[in-house]
Amino acid sequence: MENVELIFEDKRYEFPKSTKVEEVIKVLNTKRKKIIGIALNGNLLDFTNTIEESGEVELITLDDDRAAKFYRHTLSHVMAQAVLRIFGDRVKLGIGPTIENGFYYDFDIPEGIKDEDLPKIEQEMRKIVKENLKVERFELPKNEAIKLMKEKGQDYKIEIIEEIPDEKVSFYKQGEFIDLCRGPHAPSTGLVKHFKLLSVSGAYWRGDERNPMLYRIYGTAFANKEKLDEYLKFLEEAKKRDHRKLGPRLGLFFINTEVASGMPIFPPKGMAVFNELMAFSREMHKKYGFVEVMTPMIMNQKLWKQSGHWDHYKENMYFTEKENTTYAVKPMNCPGHILIYKSSTVSYRDLPIRLFEFGRVHRYERSGVLHGLLRVRSFIQDDSHTFCREDQIEDEVVRIVNLISDLYKVFGFEYRATLSTMPEDHMGDEKTWEKATNALKNVLDDINLQYDVAEGEGAFYGPKVDFHIKDVLGREWQCGTIQLDFLMPERFELTYVGSDNQEYRPVMIHTAKYGSLERFLGILIENFSGAFPLWIAPVQVKLLPIADRHVEYSKTIVKKLEDAGIRTEIDDRQRKTGYKIREAQLEKVPYMLIVGDREMEDKKVAVRLRNGKDIGEIAVDELIENLKKEINEKLRNSVFE
RNA sequence: GCCAGCGUAGCUCAAUUGGCAGAGCAACUCAUUCGUAAUGAGUAGGUUGAGGGUUCGAGUCCCUCCGCUGGCUCCA
């Protein structure tokens with residue numbers, strides 16, 4: 001019989017091929033407790049798997065990060081088992097995978113699941129954990145597997161089995177519960193004690209809204225109680241940083257949902273932040289060779305028919321009518337920029353032409369998807385369109401990637417890049433799409449930018465590279481985007497004159513860097529929990545005179561700071577200093593300047609930071625110099641720290 | 001849009017089984033002139049998201065609509 005050779009902690013072991021992992025662990029392990037599985041050459045295997053290849057083995061104990069894959073998966077089965085016990089056999093199972101920080105399972109239940117059912121299900125789950133059921137695995141040929149699922153009335157499972165290409169499929173069994181599953185799983189239900197069910201929601205079967213809606217229960221689970229509590233506490237803390245709470249409280253924005261859902265309104269403080277963000281983006285665009293333009297908000301629908309929006313984007317557009325003519329409120333800025341390109345004859349010497357606009361766009365979004373500033377119906381994009389020759393694509397895309405990464409660096413944001421390919425609903429032929437997609441792919445590979453591929457997620461006119469940033473709960477939001485487009489130049493018959501005096505077709509690169517300024521601001525609020533870096537803080541300095549007799553001197557300081565271009569306020573109300581400090585701190589004002597008799601005497605100010613640090617007395621000129629440095633260099637921390 | 005939950009003063013939250021809508025903070029007035037996270041007293045603030053129904057009586061029970069939250073779908 002064939003043997004396999006395993007290396008474990010520098011020692012060699014031999015086993016007959018196809019030995020069960022459970023047996024291997026018995027031999028390898030002497031003392032370790034709570035072993036949940038192994039990694040063989042980095043692949044996760046549970047107790048029920050067999051060893052089919054030689055290689056290096058690691059034991060995975062419950063506290064190993066990789067253990068979560070095992071016990072969360074098992075918990076989704078435990079949850080399904082509990083649901084079946086409570087609601088009976090008419091429950092049909094959908095899918096039940098692990099996710100970041102937890103797991104879920106989708107159920108088809110005639111009477112539905114309500115929030116109040118969760119404690120009941122959780123209780124039954126704890127019973128199953130207590131029963132400490134052994135988790136077993138078996139394989140069946142597909143036709144027998146289908147027969148088994150038919151007996152159990154599990155229609156959705158049959159659908160899945162039919163699509164599995166392998167000859168055999170695997171099942172996992174614990175007590176009376178059997179589920180089609182690839183694994184891996186914990187060795188028994190007794191090992192997975194620290195969990196909590198979080199919410200119920202609807203989810204279409206296979207994510208398609210033409211399919212029936214199933215009930216999805218989300219849960220979270222960790223290796224020990226401390227980690228579970230820590231995560232639950234994190235969720236609580238995250239709520240406090242939610243931009244939808246913080247933003248209005250800090251006077252940054254609000255949304256009047258009765259009048260205009262998804263259309264944020266910006267009072268002075270929000271506008272101050274907005275202006276800084278725009279000024280910075282403007283500066284960067286200039287540095288990277290873009291020129292700023294402006295185009296109308298409302299244009300004749302025939303423009304949108306020509307661009308392809310009418311055929312592929314109509315559902316997301318707002319329309320208005322006057323004098324028997326239909327106009328569209330722009331959902332994108334590209335057609336406007338195309339008009340600018342077409343307004344003169346372009347020579348190959350003029351290319352690339354890089355047009356840039358802070359364009360306000362309106363897009364109809366279904367009511368259920370709106371989310372504070374992160375998902376709105378009206379927003380400003382720092383949008384640009386580069387018109388260039390095909391041989392210039394690479395340079396231009398690299399230029400934009402650099403611009404985006406320079407921009408994000410200042411905020412300290414990490415991003416994830418994705419390459420989105422041709423969607424179902426698209427313009428143009430597949431050959432053009434392939435050309436465009438490969439062009440983008442080549443650039444990304446050349447500059448060594450890591451990315452995931454998002455199949456079918458491209459824009460209707462071309463493939464794109466998106467930059468995603470996380471919010472406070474770890475949800476990712478698409479911000480920057482680079483879209484390569486061979487099709488709109490075609491539809492608008494854009495041309496340039498080559499050196500041979502012939503006409504050629506340019507290529508368009510659509511991009512947004514922040515993406516939507518609204519969305520970017522929302523993410524900023526959450527990431528800094530409202531305590532912005534000095535350069536974007538709406539109020540940068542607040543004067544806090546101790547008594548009325550200090551107000552006049554304080555106002556001379558306000559004047560000095562304002563003259564230096566620093567956004568300054570004074571709190572000259574008749575309140576105690578402690579009260580004023582508390583308020584300024586809750587407003588997250590970066591610098592509080594306290595002025596009393598001592599400071600007036602010394603011709604100085606006492607500086608306090610919003611984190612509570614007392615910097616002591618400083619001369620105003622020296623303070624201004626330091627603040628200017630902090631602002632100009634866009635530092636994220638105080639120069640006094 | 002779909003599934004589930006929620007909607008009381010500007011904000012945070014109370015209101016036994018259906019039985020007189022209330023508190024803190026904020027606002028306003030007055031007093032207080034105060035040193036690193038809340039000075040005191042007083043005043044005002046509401047068609048309980050909207051509309052309909054059941055009832056002697058509805059914030060509370062039922063229906064419809066609007067909005068929000070978590071997901072799904074869609075997307076910057």
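Keep in mind that the numbers below use all heavy atoms, side chains included, and drop hydrogens, waters and symmetry copies. Throughout, protein chains are lettered first and strands after them, A, B, ... in sequence-line order, and every chain is numbered starting at 1.
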**Asked** What does A:Ala606 touch in the nucleic acid at a heavy-atom separation under 4.0 angstrom: a base, only the sugar-phosphate, or nothing?
**Response** base
**Message:** B:A38, OP1 or OP2 - any side-chain N/O from A:Arg575 closer than 4.0 Å?
**Reply:** no
**Asked** Which part of the nucleic acid, if any, lies within reach of A:Ser367 when heavy atoms closer than 4.0 Å are counted: base, sugar-phosphate only, or nothing?
**Response** base
**Message:** Show, in sequence, the C-alpha distance, side-chain angles and deciding distance for A:Thr481 and A:Asp466, and conclude whether the side chain to side chain donor-acceptor pair (under 3.5 Å) test is met.
**Reply:** CA-CA 4 Å; A:Thr481 181; A:Asp466 291 328; 2.7 Å; yes
**Message:** Between B:A76 and A:Phe379, is there a base-stacking contact, meaning the centre of the base's six-membered ring lies under 5.5 Å from the residue's ring centre while the planes stay under 30° apart?
**Reply:** yes
**Request:** May I ask you to say what A:Tyr215 touches in the nucleic acid, namely base, sugar-phosphate or nothing, with a heavy-atom cut-off under 4.0 Å?
**Result:** sugar-phosphate
**Prompt:** Base, sugar-phosphate alone, or nothing: which one does A:Leu370 contact when heavy atoms must sit under 4.0 Å apart?
**Reply:** sugar-phosphate
**Message:** Does B:C2 have its OP1 or OP2 closer than 4.0 Å to a side-chain nitrogen or oxygen of A:Arg210?
**Reply:** no
**Request:** Would you please confirm or rule out a distance under 4.0 Å between OP1 or OP2 of B:A76 and any side-chain N or O of A:Lys464?
**Result:** yes
**Prompt:** B:U48 and B:C61: how far apart are their P atoms, nearest whole angstrom?
**Reply:** 16 Å
**Atom-pair distance (CH2 on A:Trp477; P on B:C75), nearest Å** = 14 Å
**Prompt:** Does B:G67 have a Watson-Crick or wobble mate here (both distances under 3.5 Å), and if so which one?
**Reply:** B:C6
**Prompt:** Base, sugar-phosphate alone, or nothing: which one does A:Asp597 contact when heavy atoms must sit under 4.0 Å apart?
**Reply:** base
**Message:** Judged by each residue's nearest nucleotide on RNA chain B, which is more toward the 5′ side, A:Gly480 or A:Glu599?
**Reply:** A:Glu599
**Asked** Is the phosphate of B:C2, meaning OP1 or OP2, less than 4.0 Å from a side-chain N or O of A:Arg366?
**Response** no
**Message:** Using whole Å, what does the distance between atom C1' of nucleotide B:U39 and atom CD1 of A:Ile546 come to?
**Reply:** 16 Å
**Asked** Separation of A:Tyr461 atom OH from B:A76 atom C1', in whole Å?
**Response** 10 Å
**Message:** With a 4.5 Å cut-off on side-chain heavy atoms, are A:Tyr215 and A:Asp108 touching?
**Reply:** no
**Message:** Does A:Ala547 reach a base, just sugar-phosphate, or nothing at all? Heavy atoms under 4.0 Å.
**Reply:** base
**Message:** Strictly by Watson-Crick or wobble contacts shorter than 3.5 Å, is anything paired with B:U47, and which nucleotide is it?
**Reply:** none
**Message:** Looking at A:Asp117 and A:Lys114, is any side-chain nitrogen of the basic one under 4.0 Å from a carboxylate oxygen of the acidic one?
**Reply:** no
**Request:** Quick one: look up who B:U73 pairs with, Watson-Crick or G-U, both distances under 3.5 Å, and put none if it's unpaired.
**Result:** none
**Request:** May I ask you to say what A:Lys114 touches in the nucleic acid, namely base, sugar-phosphate or nothing, with a heavy-atom cut-off under 4.0 Å?
**Result:** sugar-phosphate
**Asked** Do any side-chain nitrogens or oxygens of A:Tyr579 fall under 4.0 Å of OP1 or OP2 in B:C34?
**Response** no
**Message:** Taking ring pair (Phe, Tyr, Trp, His ring centres under 6.0 Å) as the criterion, tell me which of A:His285, A:His337, A:His510, A:His385 meets it with A:Phe356.
**Reply:** A:His285
**Request:** Confirm from the modelled atom types if A:Tyr204 and B:G71 form a donor-acceptor pair under 3.5 Å, side chain to base only.
**Result:** no
**Message:** Say we look at B:C72 and B:A27: how far apart would their P atoms be, to the nearest angstrom?
**Reply:** 41 Å
**Request:** Round to a whole Å and report the spacing from CZ of A:Arg582 to P of B:C25.
**Result:** 11 Å
**Message:** Does B:C68 have OP1 or OP2 under 4.0 Å away from a side-chain N or O of A:His371?
**Reply:** no
**Item:** Distance, C1' atom - from B:G22 to B:C30, rounded to whole angstrom
**Value:** 26 Å
**Message:** Using a strict threshold of under 4.0 Å (side-chain N to carboxylate O), is an ion pair present between A:Lys92 and A:Asp155?
**Reply:** yes
**Request:** May I ask you to check whether A:Phe107 and A:Tyr105 place their ring centers less than 6.0 Å from one another?
**Result:** yes
**Prompt:** Which base sits across from B:C34 as a Watson-Crick or G-U pair, both distances under 3.5 Å?
**Reply:** none
**Base-pairing assignment for B:A41 (Watson-Crick or G-U wobble, both under 3.5 Å)** = B:U29
**Message:** Classify A:Tyr514 by what it touches in the nucleic acid, base, sugar-phosphate, or nothing, heavy-atom distance under 4.0 Å.
**Reply:** nothing
**Prompt:** Rounding to a whole Å, what distance do you find between A:Gln478:CD and B:C75:P?
**Reply:** 10 Å
**Message:** The test is side chain to side chain contact (heavy atoms under 4.5 Å, CB included); show your working for A:Glu630 and A:Asn626 and say whether it passes.
**Reply:** CA-CA 6 Å; A:Glu630 190 175 330; A:Asn626 278 294; over 6 Å; no
**Prompt:** Does A:Arg573 make a side-chain N or O approach to OP1 or OP2 of B:A27 shorter than 4.0 Å?
**Reply:** yes
**Request:** State the CZ-CD1 distance between A:Phe520 and A:Ile469, to the nearest 0.5 angstrom.
**Result:** 5.0 Å
**Request:** Determine the Euclidean distance between corresponding C1' atoms of B:G45 and B:A4; express it in Å to zero decimal places.
**Result:** 35 Å
**Prompt:** In whole Å, what is the span from the CH2 atom of A:Trp205 to the P atom of B:U73?
**Reply:** 13 Å
**Prompt:** Just checking A:Asp115: base, sugar-phosphate only, or nothing, at a heavy-atom cut-off of under 4.0 Å?
**Reply:** sugar-phosphate
**Opposite nucleotide pairing with B:G24, Watson-Crick or G-U, both atom distances under 3.5 Å** = B:C11
**Request:** Check whether any side-chain N or O of A:Thr257 sits under 4.0 Å from OP1 or OP2 of B:C66, and answer yes or no.
**Result:** no
**Toward the 5' end of RNA chain B, by each residue's nearest nucleotide, A:Asp614 or A:Glu116** = A:Glu116
**Request:** Report which part of the nucleic acid A:Gly202 touches: base, sugar-phosphate, or nothing (heavy-atom distance under 4.0 Å, all strands).
**Result:** base
**Request:** Pick base, sugar-phosphate or nothing for A:Val361, based on heavy-atom distances below 4.0 Å to the nucleic acid.
**Result:** nothing
**Prompt:** Between the base of B:C74 and the side chain of A:Arg375, is there any donor-acceptor pair under 3.5 Å?
**Reply:** yes
**B:G59 and B:U16, which share atom name P, separated by this distance in whole Å** = 13 Å
**Interatomic distance where CD belongs to A:Glu457 and P belongs to B:U73 [whole Å]** = 10 Å
**Asked** Between the base of B:A37 and the side chain of A:Gln585, is there any donor-acceptor pair under 3.5 Å?
**Response** yes
**Message:** Within the 4.0 Å heavy-atom criterion, would you say A:Gly578 contacts the bases, only the backbone, or no part of the nucleic acid?
**Reply:** sugar-phosphate
**Request:** For the pair A:Glu365 and A:Val376, evaluate side chain to side chain contact (heavy atoms under 4.5 Å, CB included) and give the outcome as yes or no after the intermediate values.
**Result:** CA-CA 7 Å; A:Glu365 297 284 353; A:Val376 294; over 6 Å; no
**Prompt:** OP1 or OP2 of B:U36 sitting under 4.0 Å from any side-chain N/O of A:Lys613?
**Reply:** no
**Message:** Using a 4.0 Å heavy-atom cut-off, does A:Arg598 contact any base of the nucleic acid, only the sugar-phosphate backbone, or nothing at all?
**Reply:** base
**Message:** Does a side-chain N or O of A:Arg608 approach OP1 or OP2 of B:A37 to a distance below 4.0 Å, or not?
**Reply:** yes
**Request:** Would you classify A:Lys513 as touching base, sugar-phosphate or nothing, given that sugar-phosphate means primed atoms plus P, OP1 and OP2, and contacts are heavy atoms under 4.0 Å?
**Result:** nothing
**Asked** In the strands shown, is B:G19 matched to any nucleotide by a Watson-Crick or G-U wobble pair with both distances under 3.5 Å, and which?
**Response** B:C56
**Request:** Could you tell me which non-hydrogen atom of A:Met79 sits nearest to which non-hydrogen atom of A:Ile217, and how far apart they are?
**Result:** CE-O, 3.4 Å
**Fill in**
note: A:Tyr104, atom OH; B:C72, atom C1'; distance rounded to Å ~ 10 Å
